Amino acid sequence: MPAYVLVAPDASARTVALVDLDEHAAETGRRTVPDDDLPDEVRRVEAAHAAAPPRWVWDDTRTRYPALLAAGVRVERCHDLRLCHAILRHSERAAASALAQSPPGPWDADAVAPRPHAPSLFDALDDAPDPVPAATRDPLAELRAQLDAVAGATHPGRLRLLLAAESTGALIAAEMHHDGLPWDASVHDAILTDLVGPRPWGGARPQRLEELADEIRTALVAPHLNPDSPPDLLRALRLQGFDVQSTSKWEVQGLDHPVVAPLLEYKKLSRLLSANGWAWLDQWVHDGRFRPDYVVGGVVTGRWASDGGGALQLPAQVRDAVRADPGWRLVVADAAQLEPRVLAAMSGDRDMAAAARHADLYQGVADAGVVPSRKDAKYAMLGAIYGATSGAAAQLMPHLARAFPRAVALVEEAARAGERGDVVTTWLGRSSPPASEALRVALAAAAGEGAGADDVRETRRHARDRGRFTRNFVVQGTAAEWAMCWMASLRRRLRGIEGRPHLVFFLHDEVVVHSPADVADDVATAVRESADEAGRLLFGDAPVDFALDLAVVDSYAAAG
DNA sequence: AGAGGTCGCGCC
DNA sequence: AGGGCGCGACCTCT
């Protein structure tokens, strides 16, 4: 059993204590190490336990790890008390634990002052007190509370895996920020120049956008129209006799008018320019690297969010600027139709798993004769997962329910639970937020006598909204767990490959590894083996394949 | 002037 | 259609 090593701030927060902890046994060997010496101490301990790497237990990877990375230290494993507390606090599977039953304390998010940024000049002027000083948080006591909660949980093994995956995610997020995504600013500049003309001086509109703005004004007979103003645009469209409710792409597309083509192109280009234009390049790309902050656990379902630069929304148009360094390659892999595969595995639906044996799951469903075409299969499957209530997807649902009764029943039950106001839980044990107070009150009122018809209708609508959320939650959340296990497994394998190939990007069901060219094939193998391992870690021997689309490329745009 | 809300649209 | 996000721009309110 590997030793736990605890990093604990003392009252002054200037030193840390290292404690060898054998699970619940008494601590031994407490030693106090000044913050400045921590990188060397970590290096020493990691080397001493190379065979069975220690698990560093600390309050918050976001605040601890960057300094270690800057000093050239990589930690093998950790337990992030902040992230794990958040999971255990809300998980139905640990609801009976002392941790879950205790009142909100210093480890709960809203009680802890966020400290994502480096101390700045203004911190000294900020007289708002830290709601919970770090010294009131006792990492050793919290670790014990968390281990107790896991030990007493239903499915403790799954919960343990979730906490390990989440914590490794925190390590990876910090490492990806540290290493950065290779970004060629000259390629990015060329893409922009090609689309809209050279970068204008100051805040002026680039040439192509100015031309399009003129075309729009002419077509709408509105010489002073500002195409960036939705109200202006809406007024002008209505003056042309169109009964439109908004200026959205979807509504404009349906119109028959000369303004449509230039307006849609204008929207596309101005969007690109404002989101990922020259200003973005200036702000986010330095020394050939894009370094967003990844926010582990930033989405309720367990997906990551990002902070800065819109890292998880990089449009296809600029992906060609992601280039491997000379002598390096990008290994790009995404899990094909991850969510339906996850649904097949978690529901134990063997017929759906058989369809997932096909590298293209949707084609597999079509081939099985469930629906006429691949396109129908995709619509139906996404409809089942997202909760389509109308249109083609809803029409296909009965076919899907007949062919894959267990899979459809799983999402239907999740939806019904959400509509009742219940909490739902992913495969590994992350629970959804509770229903809003408003919904609970409304449900209780609607169940009583004398409820007005309008109120009942409104309550049903609200309940169905939440049902769609909980339906999706169990699948999206479990897919996020699979992805985290995939990435954690990959990280471990990459450490065994020469030349330090490293993860540089993660996007829900897709990873990018920056790899020395001569080991790129080994990396590709590691990516595939990791996907298999993730499937086994979550679902054991469930006969579901997790197919990957994988490419070894110089440019991100060349993948997929 | 600044905060907060909404729209619109990029990604999965 | 239907779930989850982030972010910039515009707009309104204070």
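A quick note: this is a predicted structure, and the numbers were derived from the prediction, not measured. Throughout, protein chains are lettered first and strands after them, A, B, ... in sequence-line order, and every chain is numbered starting at 1.
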Q: Is any side-chain heavy atom of Val196(A) closer than 4.5 Å to one of Trp278(A)?
A: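 Yes, their side chains come closer than 4.5 Å.
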Q: Trp486(A) and side chain to side chain contact (heavy atoms under 4.5 Å, CB included): which single residue from Val527(A), Leu338(A), Asp532(A) fits?
A: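 Only match with Trp486(A) under side chain to side chain contact (heavy atoms under 4.5 Å, CB included): Val527(A).
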Q: If I compare all heavy atoms of Pro262(A) with all of Glu215(A), which pair ends up nearest, and what's the gap?
A: CB-OE1, 3.7 Å
Q: Does Ser246(A) place a side-chain N or O at less than 4.0 Å from the phosphate oxygens OP1/OP2 of dC7(B)?
A: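 No.
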Q: NA contact type, Val475(A), heavy-atom cut-off 4.0 Å: base, sugar-phosphate, or nothing?
A: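 The residue Val475(A) makes no contact with any strand.
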Q: For Glu510(A) and dC5(C), give me the distance from atom CD to atom C1', rounded to whole Å.
A: 16 Å
Q: Return yes if the base of dG6(C) and the side-chain atoms of Gln313(A) contain a donor-acceptor N/O pair under 3.5 Å, otherwise no.
A: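 Checked by distance alone, the answer is yes.
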Q: Could you check whether the side chain of Arg271(A) and the base of dC9(B) have a donor-acceptor pair of N or O atoms closer than 3.5 Å, going by distance alone?
A: yes
Q: Starting at the 5' end of DNA chain C, which residue's closest nucleotide do you reach first, Ser306(A) or Arg303(A)?
A: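 The residue whose closest nucleotide sits nearer the 5' end is Arg303(A).
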Q: Classify Leu314(A) by what it touches in the nucleic acid, base, sugar-phosphate, or nothing, heavy-atom distance under 4.0 Å.
A: sugar-phosphate
Q: When we call it a touch if two heavy atoms are under 4.0 Å apart, what does Arg466(A) touch: a base, just sugar-phosphate, or nothing?
A: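 Nothing: the residue Arg466(A), judged by heavy atoms under 4.0 Å, touches no strand.
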Q: Select base, sugar-phosphate, or nothing to describe what Gly298(A) touches, counting heavy atoms under 4.0 Å on all strands.
A: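 Result for Gly298(A) = nothing.
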Q: Rounded to whole Å, please give me the gap between CH2 in Trp284(A) and P in dG8(C).
A: 8 Å
Q: Could you state the atom-to-atom distance from CD of Glu339(A) to C1' of dG4(C) in whole Å?
A: 9 Å
Q: Given dC12(B), dG4(C), dC9(B), which nucleotide is nearest the side-chain atoms of Asp509(A)?
A: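 Selected nucleotide: dC12(B).
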Q: Please report, rounded to the nearest Å, how far the P atom of dG4(C) is from the CG atom of Leu338(A).
A: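 Value for this atom pair: 18 Å.
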Q: Closer than 4.0 Å, any side-chain N/O of Lys249(A) to the OP1 or OP2 of dG10(B)?
A: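 So the side chain of Lys249(A) is within the cut-off, an N or O lying under 4.0 Å from OP1 or OP2 of dG10(B).
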Q: Establish, yes or no, whether a centroid distance under 6.0 Å links the rings of Phe539(A) and Trp427(A).
A: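 Close enough - the centres of the two rings lie under 6.0 Å apart.
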Q: Expressed in angstrom and rounded to an integer, what is the separation of Trp280(A) atom CH2 from dG10(B) atom C1'?
A: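 After rounding, the gap between these two atoms is 13 Å.
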Q: For the side chain of Gln476(A), counting heavy atoms from C-beta on, which of dG4(C), dG10(B), dG8(B) is nearest?
A: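 Nearest listed nucleotide: dG4(C).
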Q: Starting at atom CD of Glu251(A), determine the distance to atom P of dC7(B), rounded to an integer number of angstrom.
A: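 Going from CD in Glu251(A) over to P in dC7(B) covers 13 Å.
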Q: Would you say CG of Asp282(A) has more than 12 non-hydrogen atoms from neighbouring residues, nucleotides or ligands within 6.0 angstrom?
A: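 Yes - once you tally the heavy atoms of other residues, nucleotides and ligands closer than 6.0 Å, there are more than 12.
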Q: Please report the distance, rounded to the nearest Å, between CZ in Arg319(A) and C1' in dG10(B).
A: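 In whole Å, dG10(B) C1' and Arg319(A) CZ are 10 Å from each other.
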Q: In whole angstroms, how far is the C1' atom of dG2(C) from the CG atom of Leu396(A)?
A: 14 Å
Q: How is Ala392(A) classified with respect to the nucleic acid when contacts are heavy atoms under 4.0 Å: base, sugar-phosphate, or nothing?
A: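 Ala392(A): base contact, heavy atoms under 4.0 Å.
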Q: Can you classify the ring geometry of Trp183(A) versus His188(A) as parallel (below 30°), tilted (30 to 60°) or perpendicular (above 60°)?
A: tilted
Q: For a quick check of understanding: with a heavy-atom distance under 4.0 Å over all strands, which category does Ala305(A) fall into, base, sugar-phosphate or nothing?
A: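 Sugar-phosphate contact only - Ala305(A) comes under 4.0 Å of backbone atoms but never of a base.
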Q: If the cut-off is 4.0 Å, is Thr247(A) near the phosphate of dC7(B), judged by side-chain N/O to OP1 or OP2?
A: no
Q: Could you tell me whether Ser390(A) contacts a base, only the sugar-phosphate backbone, or nothing, with contacts defined as non-hydrogen atoms closer than 4.0 Å?
A: base
